[in-house]
Asks: 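I have a structure I would like to understand better, so I am pasting it below and will then ask my questions one at a time.
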Amino acid sequence: MAAPLLEVRNLRVEFPTRRGILTALDDVSFSIEPGEILGVVGESGAGKSMTGAAIIGLLEPPGRIARGEILLNGRRIDALPYAELRRIRGREIGAIFQDPLTTLNPLYSVGQQLVETMTTHLPITPDEARRRAIGWLEQVGIPAAAQRIDAYPHEFSGGMRQRVVIALALCAEPKLIVADEPTTALDVSIQAQVIALLKTLARDKGTAMMLITHDMGVIAETADRVAVMYAGRIAEIGPVRQVVLHARHPYSQGLMGSIPPLDRRVERLAQIDGSMPRLTAIPPGCAYNPRCPKVFGRCLGDRPDLMDAGPTQAACWLYDNV
Amino acid sequence: MRRFFDSDLWYSFSRNPVTIVSAIVAILLVAGAVLAPVVAPHNPFDLASLNLMDAFKPPAWTADGDREYPLGTDDQGRDLFSAILYGARISLLVGAAAVLFSTSLGVVVGLAAGYFGGFVDSALMRIADIQLTFPSILVALLVDGVVRAALPREVHDQIALYVVIFAIGISNWPQFARTVRGSTLVERNKEYVQAARVIGISSPRIIFSHVLPNVTGPVLVIATLNLGFAVLAEATLSFLGVGVPPTQPSLGTLIRIGNDFLFSGEWWITIFPGAALVLLVLSVNLLGDWLRDALNPRLR
Amino acid sequence: MFSFVVSRVLQAIPVMLVVAFISFAMFAYVGDPVSIMLGQDFTEAQRTALVHNLGLDRSFLVQFLTFVGNALQGEFGLSYRLGRPVAELIAERAPATLELAFCAAFIAIAIGVPMGVYTGLYRNSWLSRFFLTFSLIGVSLPTFLIGILLILVFAVNLGWLPSFGRGDVVSLGWWSTGFATATGWKALVLPAVTLGLFQLTLIMRLVRAEMLEVLRTDYIKFARARGLSNRAINFGHALKNTLVPVITVAGLQLGAIIAFAIVTETVFQWPGMGLLFIQSVGSADIPVMAAYLMLISAIFVTINLVVDLLYYAVDPRLRVGRRGH
């Protein structure tokens with residue numbers, strides 16, 4: 001098998017605060033193959049977005065990478081000087097943010113923003129860039145792209161703006177897209193369209209994608225593999241069918257149990273008791289142990305790393321001897 | 001008390017050396033001003049004790065200085081140090097009274113506008129907008145000029161102090177009114193206020209027991225920052241000769257008097273009152289800045 | 001565009017009417033112009049005649065409309081103090097004030113904006129800290145004290161620059177300018193710096209605060225994620241968005257400069273409108289005060305209008321409907 005496009009090894013992100021150092025991400029490791037779509041799920045605050053931000057080098061200060069490395073095509077990118085990191089952003093890793101209403105600069109027309117991105121990264125003239133910009137707007141499904149290219153963001157609806165954002169993320173032809181909750185801020189009726197568009201474009205261009213969401217439905221439809229995050233760590237990672245249908249980690253099992261199935265009626269959806277611990281109060285041992293229905297002695301003292309659990313990998317002592 | 005020392009406010013205060021220093025300076029200056037009759041070595045207003053022979057004495061540490069007068073004397077032989085203490089007293093009195101006046105006016109207008117809305121709101125805020133277009137120093141000057149023209153001279157001199165307080169106070173209420181109106185609008189639409197209305201609690205009671213407590217934070221910040229402004233405004237008016245009467249000289253008056261002797265080399269008559277004024281305003285502004293940042297978590 | 005301008009002009013009219021009303025009320029009711037103009041000895045017939053001549057026996061509305069009509073033609077009556085037409089007095093003084101205000105505004109913007117941008121971008125550099133400390137002192141130093149200190153250093157001790165007056169002026173028609181002579185320029189330095197310094201610190205703090213606000217937004221983060229250069233982000237995306245609110249406040253500050261010129265002109269005995277105004281306040285010269293108020297308001301309203309137009313030019317959100325969809 002070819003070398004992975006992106007490899008994250010033992011990533012640890014810390015936030016120094018008034019009351020001591022908070023560990024937001026701990027020992028996160030995963031990889032993404034070229035053209036692959038990796039879904040990342042978890043509750044709010046589990047560290048999904050933080051992982052994405054660390055990869056594109058946009059952690060909010062005072063957050064910092066304390067340990068581990070991030071490799072793109074085998075090259076470390078987590079400690080690059082700004083000038084080199086800049087050439088990777090947009091060119092090799094594109095990003096899509098949650099809220100299309102705030103991610104576009106209101107004072108620049110969408111055409112200006114597209115042209116600017118392309119001329120920054122690609123050896124093309126502004127005229128050529130403008131021609132391509134119209135092409136991109138057509139590809140993301142903006143009607144009458146040639147006329148709309150000079151319109152300003154406020155002249156587009158939310159769904160249309162997110163399509164523009166997708167065009168912006170793809171226009172410098174990156175090999176990887178980090179999409180952080182790309183549909184959460186949109187109307188439910190639009191969400192499916194935008195996800196479908198994203199999936200089609202990624203497949204057509206052969207672009208790999210890290211799709212961060214808390215919507216298991218989206219993951220099940222779109223992703224090749226899925227990583228489940230809990231309290232700053234990866235709880236389980238594996239092929240999407242396996243994780244959705246045969247989750248190994250008790251937390252993933254709980255998470256999947258809370259999705260309403262379409263094929264049968266259920267009286268009650270399963271729910272996980274309690275809530276995720278705050279970063280200041282992560283218990284020793286497995287972070288999930290206070291809520292885990294299968295908790296046993298070892299979970300209270302030792303922290304489990306990812307281990308093979310059949311077709312998936314799970315950070316759970318249940319699979320230590322498998 | 002324990003709760004206070006435990007609070008975030010105290011934490012941010014104790015970690016901020018600049019703020020601590022300005023608090024100390026402000027407290028020293030305010031104490032010196034309030035206790036001027038006790039602390040000051042001389043009474044600069046006791047005409048009997050003034051001796052023109054003592055006029056224009058330079059500060060004590062210079063060659064011609066006199067230990068009796070640590071910061072020197074002015075043209076009439078007044079001890080400058082004592083005059084500064086008494087002057088700061090007038091400056092602070094006028095400043096504090098003016099802020100109190102604009103705060104009360106602004107809070108009442110803001111509460112009324114925010115709570116009653118509709119026509120009351122748009123009328124009051126339109127007035128505030130128009131006044132905000134004009135720099136407050138200009139408003140204060142105009143008010144002072146009009147009062148001066150409207151009243152006979154003797155009457156005016158008697159109430160000059162109140163005129164200045166009124167002029168500075170009236171020039172600055174819109175800021176308070178705007179902030180309070182904003183917070184009131186937010187509170188008014190909250191469910192507990194709606195509920196209180198439905199069960200028939202009277203409007204004034206809702207305003208004072210529910211809405212008012214929620215606007216104290218921002219009002220306190222604006223008031224602190226405005227104290228610095230009001231003291232400066234008073235000094236400016238007095239410097240221009242239209243402020244407090246010469247019988248009650250403030251720091252601004254002292255600076256104006258000293259300005260006449262700048263060219264003949266008696267720099268200290270201007271510089272020391274000026275330094276006192278700057279220290280006072282700077283420390284108050286620093287405290288205000290800190291308070292604003294400390295009460296506004298987003299800026300942290 | 002045209003309708004936008006018209007609507008802004010229409011909004012300015014009530015403001016001017018309110019100001020005119022205040023001026024008129026001052027004019028008509030404060031003090032007693034008749035007895036001031038008549039002096040000590042007069043007969044009842046003289047008094048009635050003067051009252052009639054001044055139009056004081058007509059109805060309130062007629063008087064107000066007459067006042068507004070006269071004001072529109074630049075007629076504000078005679079100064080009580082100097083006995084000369086107010087319009088003439090102000091026309092004589094206006095060039096001095098406007099030249100001073102222009103230079104002060106130039107200093108404040110040309111230095112204040114770059115300083116604000118710098119301190120916003122490089123928050124923790126020692127130069128930023130220095131600028132910030134400087135600005136705090138600037139905000140706490142009253143204008144007149146800055147003037148006095150500058151006089152003490154540059155006029156009294158060093159003797160480099162004059163401490164009062166405008167130097168030699170050259171007349172260009174009714175306008176007298178100090179820009180044409182060396183003494184005029186030298187005389188301008190201290191007052192312009194004095195007047196500009198306070199506004200400079202305000203503009204710097206404002207630009208810094210806005211810059212920090214804008215740098216926190218998602219679209220700046222997204223611009224970074226798109227790999228744009230620092231230069232394009234800071235001076236293109238961030239600065240342009242910062243300027244939108246800055247234009248408004250800077251505009252208001254320019255109005256404030258003309259008002260604050262009162263203080264600076266007093267310190268430097270600068271023969272402008274401000275000095276005239278303060279002398280009028282001191283001697284209750286209502287016609288001059290009323291005219292000054294009207295003039296200043298007209299200037300403010302004009303500045304606000306210009307600010308709105310600039311806004312329109314910078315912010316496409318105000319141009320909705322232009323493309324008509």
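What's counted below: heavy atoms across the whole structure, side chains too, no hydrogens, waters or symmetry copies. Below, chain A is the first sequence line, B the second, and so on; all start at residue 1.
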Asks: So which heavy atom on C:Phe222 is nearest to which on A:Leu168, and how close?
Replies: CE2-CD1, 3.6 Å
Asks: With only heavy atoms counted, which part of A:Val178 is less than 4.5 Å from chain C, the side chain, the backbone, both or neither?
Replies: neither
Asks: Can you tell which of A:Thr102, A:Leu104, A:Leu107, A:Asn105 makes a side-chain contact (heavy atoms from CB on, under 4.5 Å) with C:Tyr219?
Replies: A:Asn105
Asks: Quick one: which of A:Pro153, A:Gly90, A:Gly94 has the most heavy-atom pairs under 4.5 Å with chain C, could you say?
Replies: A:Gly90
Asks: Report the option among A:Glu116, A:Glu60, A:Arg91, A:Arg87 that has the most heavy-atom pairs separated by less than 4.5 Å from atoms of chain C.
Replies: A:Glu116
Asks: Compare every heavy atom of C:Asn230 with every heavy atom of A:Tyr82, then report the nearest pair and how far apart it is.
Replies: OH-OD1, 3.2 Å
Asks: Identify which part of A:Leu85 has an atom lying under 4.5 Å from any heavy atom of chain C, answering side chain, backbone, both or neither.
Replies: neither
Asks: Carefully, step by step, assess C:Arg226 and A:Arg89 under the rule side-chain contact (heavy atoms from CB on, under 4.5 Å).
Replies: CA-CA 6 Å; C:Arg226 284 192 278 145; A:Arg89 290 183 191 149; over 6 Å; no
Asks: In terms of heavy-atom pairs under 4.5 Å with chain C, which of A:Ser109, A:Cys171, A:Pro106 leads?
Replies: A:Pro106
Asks: Do C:His237 and A:Gln113 meet the criterion of a side-chain donor-acceptor pair at a distance under 3.5 Å?
Replies: no
Asks: Side chain, backbone, both or neither: which part of C:Leu243 has a heavy atom under 4.5 Å from chain A?
Replies: neither
Asks: Minimum heavy-atom separation for C:Ala225 to A:Phe97, with atom names?
Replies: CB-CZ, 4.1 Å
Asks: If I compare all heavy atoms of C:Leu228 with all of A:Arg86, which pair ends up nearest, and what's the gap?
Replies: O-CD, 3.3 Å
Asks: Could you tell me whether C:Tyr118 atom OH has more than 12 heavy atoms of other residues or ligands within 6.0 Å of it?
Replies: yes
